[in-house]
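Report on the structure given below.
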Amino acid sequence: VDPVDDIEQAVMAAVVATAKAQTDGIGPQSSFRDLGIDSLEFIVVVQAVEEALGILLPDEQTAIASTVGDLIEISRVARTKV
Amino acid sequence: VLASIDKLIARFRRRKKGPQSLAERDEAAVRALRAKGVRIGEGCRIYSTEFSTEPYLVTIGNNVGIAGGVKVVTHNGAARLLKGRRPAVQNFGRVTIGDRCFIGENAILLPGTAIGSDSIVGAGAVVTGIVPENSLVVGNPAKRIGRASLYLERLARSPHTLDTFDLPEDQRRRAIEAAFSEPGSRSDRGDSGSGG
């Protein structure tokens, strides 16, 4: 699935760089669990997204993200607050 | 013979008193380390006894957890390679751990390490230099991979995070076994724990 903007692109890139599982066809619906991203790797993904976009994602909302789409949405909201 | 009798009496008294609570064990460990010169704040749980040959160079803040096998090193043995020039040479460094930190199983803290408050060091990490506050560091050499606070928020929501600390052991075991009773049913693949 092609990313629609720089936020999707940053999240996808961070996930692809970290995931152990096959990332062909990765999209907003992909879950971190299915991608083989464990709790430490999730932290790595979030850090990469924050650095790429120059934003800070709130811990409480970010902690409940279970899909790539969740993280994209949280990043969109965080950017509007920058 | 008198020493043996004293030991027997001490053992009998311990048995009569019953096993130590976790809190008593924690306090005893901290007392022993303070006696060696380690500066330790309040509310710490320390399961390592390896505080180097200069324990007086180690400072630990409040509410710090240190898992088993953690090694705190306050000297650089390589300096002894200079003994041809300086026969008595040695090199030292302080190790400081801020408040509310957790140091995972078998981590090594090298001379000059200063870990900022609210940080987590992963199991087996080899740490040197300054670790900023609220860091999650892992690996060798240890690298900051993100915020400890985010890791903790995630951990708090894990199905493997239970409220079992200080429960009587039988209740604790029942609660843990119940959580793991059907493999896969409550699993989120588990956590990459920071260890210990």
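Throughout, protein chains are lettered first and strands after them, A, B, ... in sequence-line order, and every chain is numbered starting at 1.
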To the nearest 0.5 Å, tell me how far [X] [atom1] sits from [Y] [atom2].
{"X": "B/N134", "Y": "A/D59", "atom1": "CG", "atom2": "CG", "result": "7.0 Å"}
{"X": "A/I43", "Y": "B/L136", "atom1": "CD1", "atom2": "CG", "result": "6.5 Å"}
{"X": "A/T62", "Y": "B/L150", "atom1": "OG1", "atom2": "CG", "result": "6.0 Å"}

[atom1]/[X]: more than 12 non-hydrogen atoms of other groups inside 6.0 Å:
{"X": "B/R173", "atom1": "CZ", "value": "no"}
{"X": "B/D170", "atom1": "CG", "value": "yes"}
{"X": "A/E60", "atom1": "CD", "value": "no"}
{"X": "B/I176", "atom1": "CD1", "value": "yes"}

Between A/E50 and B/R147, is the closest basic N to carboxylate O distance under 4.0 Å? yes

Are B/L110 and B/I97 connected in the hydrophobic side-chain network, where two residues link if heavy atoms are under 4.5 Å apart? no

Kindly work out whether a path of hydrophobic side-chain contacts (I/L/V/M/F/W/Y, heavy atoms less than 4.5 Å apart) joins B/I60 to B/V131. yes

Atom group of A/V44 that falls short of 4.5 Å from chain B, counting heavy atoms: both

Considering only heavy atoms from C-beta outward, does the side chain of A/I64 approach that of B/R157 to under 4.5 Å? yes

Heavy-atom pairs under 4.5 Å with chain B, option from A/A65, A/P58, A/A48 with the top count: A/A65

Between B/R154 (side chain) and A/A63 (backbone), is there a donor-acceptor pair under 3.5 Å? yes

